[in-house]
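Chain letters run A, B, ... following the sequence lines, proteins first, then strands; residues in each count from 1. What's counted below: heavy atoms across the whole structure, side chains too, no hydrogens, waters or symmetry copies.
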2 protein chains.
Amino acid sequence: MAVTIYDIAREAKVGIGTVSRVLNNSPKVTSETRDRVISVAKRLNYQPHAFAQALARKRSNTLSAIIPFFTNYFFIEVLQGVQETLTSLGFDLIIHGANNQEQLEEYLVRSMRKGRVDGTLIFSLQLPDKFAAEFKEKKLPLVLVDSFHDDFDSIRVDNFEGAKIATEHLISLGHKDIGLINANLKSVPAQERLKSFMQTLQRHSIPIRDGVINNSSWTKNDGFSREAGYSDMVKFLKSGVKLPSAFFVSSDIQAIGVIEALKELDLHVPEDVAIVSFDNIEISKYFGLTTMSQPMYQMGELAVKKMIQRIDAIDLPVSSVNFTPSLIVRASCGANKNYVFQDSN
Amino acid sequence: MAVTIYDIAREAKVGIGTVSRVLNNSPKVTSETRDRVISVAKRLNYQPHAFAQALARKRSNTLSAIIPFFTNYFFIEVLQGVQETLTSLGFDLIIHGANNQEQLEEYLVRSMRKGRVDGTLIFSLQLPDKFAAEFKEKKLPLVLVDSFHDDFDSIRVDNFEGAKIATEHLISLGHKDIGLINANLKSVPAQERLKSFMQTLQRHSIPIRDGVINNSSWTKNDGFSREAGYSDMVKFLKSGVKLPSAFFVSSDIQAIGVIEALKELDLHVPEDVAIVSFDNIEISKYFGLTTMSQPMYQMGELAVKKMIQRIDAIDLPVSSVNFTPSLIVRASCGANKNYVFQDSN
DNA sequence: CTACCTTCTGAAAGCCCTTCCATAGACCTC
DNA sequence: GAGGTCTATGGAAGGGCTTTCAGAAGGTAG
């Protein structure tokens with residue numbers, strides 16, 4: 001029914017091997033034969049059958065990406081980098097949104113299915129040990145984005161450096177009483193941001209009062225959500241602990257909730273409290289958030305490039321790259337009094 | 001190298017046909033044989049080869065989705081519905097972000113590749129005629145989301161009804177001088193929202209002043225963007241036309257830009273101007289936007305269900321379903337003075 | 001003119017699965 | 001016990017491609 005290389009071979013009066021060679025730009029074909037085959041293929045509107053090709057080539061030209069929390073801007077932007085890079089290379093992208101551990105494992109199993117995909121990208125999720133072992137043993141290409149494992153390539157943001165820059169920015173503005181609204185410590189970025197925050201304060205000999213460090217107990221999205229930021233701030237405000245002059249908030253989305261909670265008590269940002277957060281998601285500019293920018297698109301792009309290298313040479317030494325986030329100064333820290341948002345931000 | 005059904009057949013001392021039957025739960029196998037085969041398969045850690053299966057079954061169990069503008073909340077949320085429904089059915093999803101016409105066509109070609117996917121989902125994009133003809137002729141399953149074509153299933157939001165409800169909401173609040181900030185009329189939703197807006201005002205005998213209807217000339221995202229909303233509002237404010245008491249804005253994201261433009265002139269929402277917009281994207285609640293909610297997740301879910309039906313019976317009559325958006329009253333229209341955003345919104 | 005290369009080409013094998021077909025064997029029936 | 005029916009099974013065919021292999025055709029050298 002559909003046109004195959006056999007049809008072309010018949011029409012062009014050549015063998016199927018020759019057709020295949022022409023279609024794959026093999027050099028060993030005379031240009032007359034080549035032209036004849038090509039013109040027949042065009043005329044019949046031939047399209048190669050993807051799976052038959054994949055089966056014969058042992059190469060599917062598709063990758064899978066496992067991401068948590070579908071509706072999170074961070075992933076979406078990284079994903080955009082992934083998708084565009086992939087497309088330019090002729091690859092396809094299969095997407096799996098994993099909302100919990102079970103789903104993650106289910107998707108990992110799917111991705112390991114022989115021949116299904118050439119490689120797997122994992123975003124922000126901890127790779128379970130048993131899968132790590134299996135991927136390694138079977139030599140399946142795997143790259144981690146915003147996550148880490150000794151045995152696989154990874155691309156991360158330097159949370160340590162980022163939290164340090166953010167904290168020092170507040171210090172440089174004269175703040176000597178700084179609090180933290182953090183996500184859930186189950187998440188590695190939350191751990192790193194906390195640690196760096198505390199070390200930075202210590203290094204500058206700034207005391208940390210009891211009760212100003214707030215690690216979220218939310219589990220949904222590991223506490224990286226507006227709701228978590230909102231309720232954690234409400235909790236803090238009710239705790240009776242004196243309000244610090246500034247807060248470092250572990251993500252933009254939490255910061256939005258934090259600001260809202262403050263607003264309800266008629267507390268203003270940055271007049272009453274300065275805020276610096278982390279991520280630089282698209283909407284952060286609408287809120288005038290001073291934040292640490294992660295090069296999300298580029299991370300996606302690099303992830304794909306690494307993956308392709310890995311596919312071509314599975315035994316390459318493992319590499320890990322860290323992007324250093326950069327400070328974007330807007331209004332919420334008080335340093336930029338006449339911030340008007342601009343498209344370029 | 002990798003384990004195949006031949007290995008299992010050999011070990012279990014049966015034929016490959018039997019192995020296949022066991023693996024596919026065919027009933028015609030004695031339970032002893034079945035158990036033996038299963039235990040061998042487990043022991044060898046057998047995984048079927050997806051492409052070989054797809055080739056033999058002529059069924060790939062994967063769909064492709066073509067979406068415009070990757071970083072738009074509307075698509076992301078619909079996509080989430082698509083992805084979760086698909087996963088529960090054992091399907092995979094290939095994602096293509098099309099930023100322009102060329103890319104759209106390239107992706108359509110890819111999706112039509114024989115055997116690559118079982119069906120294609122198109123989001124908010126106008127299907128070019130030549131492709132429509134080809135999809136129809138080749139009987140390739142296609143469903144349109146937020147778009148329409150006579151020959152294919154479609155799932156839409158009733159822009160007509162939505163714009164009517166939004167406009168009437170403003171009228172019911174006593175507004176008699178209402179403006180429109182619309183997206184680019186190249187886009188069908190923009191056309192429909194404009195038409196319905198005007199008809200509704202006429203029906204209520206509310207005059208439309210010169211200059212209060214603003215159709216965007218932005219082409220990026222068809223004017224559905226914060227930048228477009230911002231600059232179109234700035235343009236309006238500079239035009240010298242008297243400010244209406246209320247605006248209907250054709251999307252939330254534009255409304256955010258509109259509000260920002262107003263703020264720069266120290267004009268407040270809803271005190272100086274009331275605003276109702278369209279979409280109910282996630283961040284609209286942070287801005288207290290009164291808006292028309294589209295059931296995005298459900299649209300994705302339904303799109304998949306329709307697709308599966310279509311795959312199973314390509315000659316089913318074409319169906320088109322319209323979701324009616326519902327009004328979400330928050331602060332921006334002035335009707336809900338003490339709006340505090342809530343998680344349930 | 002023969003022997004030997006090159007170069008190009010056709011066809012078969014292989015990728016791994018599903019499905020169809022034929023048969024062996026068990027079980028009935030008269 | 002011959003003939004017939006039914007079930008479980010093995011194996012070939014087929015799905016559409018790539019790649020290997022051997023051979024045909026053409027060219028060169030002796």
Under the side-chain contact (heavy atoms from CB on, under 4.5 Å) test, residues paired with A/Ile308 that sit two or more places apart: A/Leu89, A/Phe91, A/Val304, A/Asp312
Angle between terminal axes - the helix from C/dC1-D/dG30 to C/dC30-D/dG1, 5 pairs each end, rounded to 10°: 60°
Can you list every ring-ring contact (aromatic ring centres under 6.0 Å, His included) pair that touches residues 133-158 of chain B, not counting sequence neighbours? B/His149-B/Phe152
CZ of A/Arg57 versus C1' of D/dT20: gap in Å, rounded? 17 Å
Considering only side-chain heavy atoms of B/Arg21, which listed nucleotide, C/dC17, D/dG10, D/dG16, is closest? D/dG10
Just to be sure I understand the geometry, which residues of residues 10-18 of chain B put a non-hydrogen atom under 4.0 Å away from DNA chain D? B/Lys13, B/Val14, B/Gly15, B/Ile16, B/Gly17, B/Thr18
Rounded to whole Å, please give me the gap between CZ in A/Arg113 and P in C/dC15. 19 Å
Which heavy atom of B/Ser124 sits nearest to which heavy atom of B/Phe75, and what is that distance? OG-CE2, 3.0 Å
Taking all heavy atoms of B/Pro141 and all of B/Met307, pick out the closest pair and write down the distance. CB-SD, 3.7 Å
Taking all heavy atoms of B/Ser147 and all of B/Ser154, pick out the closest pair and write down the distance. O-CB, 3.4 Å
Identify which nucleotide among D/dG14, D/dT9, C/dC16 has an atom closest to any side-chain atom of A/Leu55, counting heavy atoms from C-beta outward. C/dC16
Evaluate A/Glu84 against B/Asn99 for side chain to side chain donor-acceptor pair (under 3.5 Å), listing each step before the verdict. CA-CA 10 Å; A/Glu84 290 185 4; B/Asn99 295 312; 2.9 Å; yes
How close or far is atom P of C/dC17 from atom CZ of B/Arg59, stated in whole angstroms? 19 Å
Given atom CG of A/Asn25 and atom P of D/dT19, what is their separation to the nearest angstrom? 13 Å
Looking at B/Thr30, I'd like to know whether one of its side-chain N or O atoms comes within less than 4.0 Å of OP1 or OP2 on D/dT9. yes
Whole angstroms only, please: what is the CG-C1' distance between A/Asp7 and D/dC17? 13 Å
Closest to side chain of B/Gln53, choosing from D/dG16, C/dC17, C/dC8: C/dC17
If only side-chain N and O atoms of B/Thr33 are considered, is one of them under 4.0 Å from the OP1 or OP2 phosphate oxygen of D/dT9? yes
If the condition is ring pair (Phe, Tyr, Trp, His ring centres under 6.0 Å), which residues does B/Phe123 pass it with, not counting sequence neighbours? none
Which part of the nucleic acid, if any, lies within contact of A/Ser20, taking any heavy atom under 4.0 Å across all strands shown: a base, the sugar-phosphate backbone alone, or nothing? base
Is it true that A/Glu32 and A/Arg36 make a salt bridge, defined as a side-chain N closer than 4.0 Å to a carboxylate O? no
Rounded to the nearest Å, what distance is computed from the CD1 atom of residue A/Ile5 to the P atom of nucleotide C/dG10? 12 Å
Rounded to whole angstrom units, what separation is found between the CZ atom of A/Phe51 and the C1' atom of C/dT18? 15 Å
In whole Å, I'd like the distance from the OH atom of B/Tyr46 to the C1' atom of C/dT18. 11 Å
Does D/dG15 have OP1 or OP2 sitting under 4.0 Å from an N or O in the side chain of A/Thr4? no
Heavy atoms only: give me the nearest B/His96-B/Ser64 pair and the separation to one decimal. CD2-CB, 4.3 Å
Residues passing the side-chain hydrogen bond (donor to acceptor under 3.5 Å, both in side chains) test with B/Asp153, sequence neighbours excluded, are B/Arg310
Could you tell me whether A/Tyr6 contacts a base, only the sugar-phosphate backbone, or nothing, with contacts defined as non-hydrogen atoms closer than 4.0 Å? base
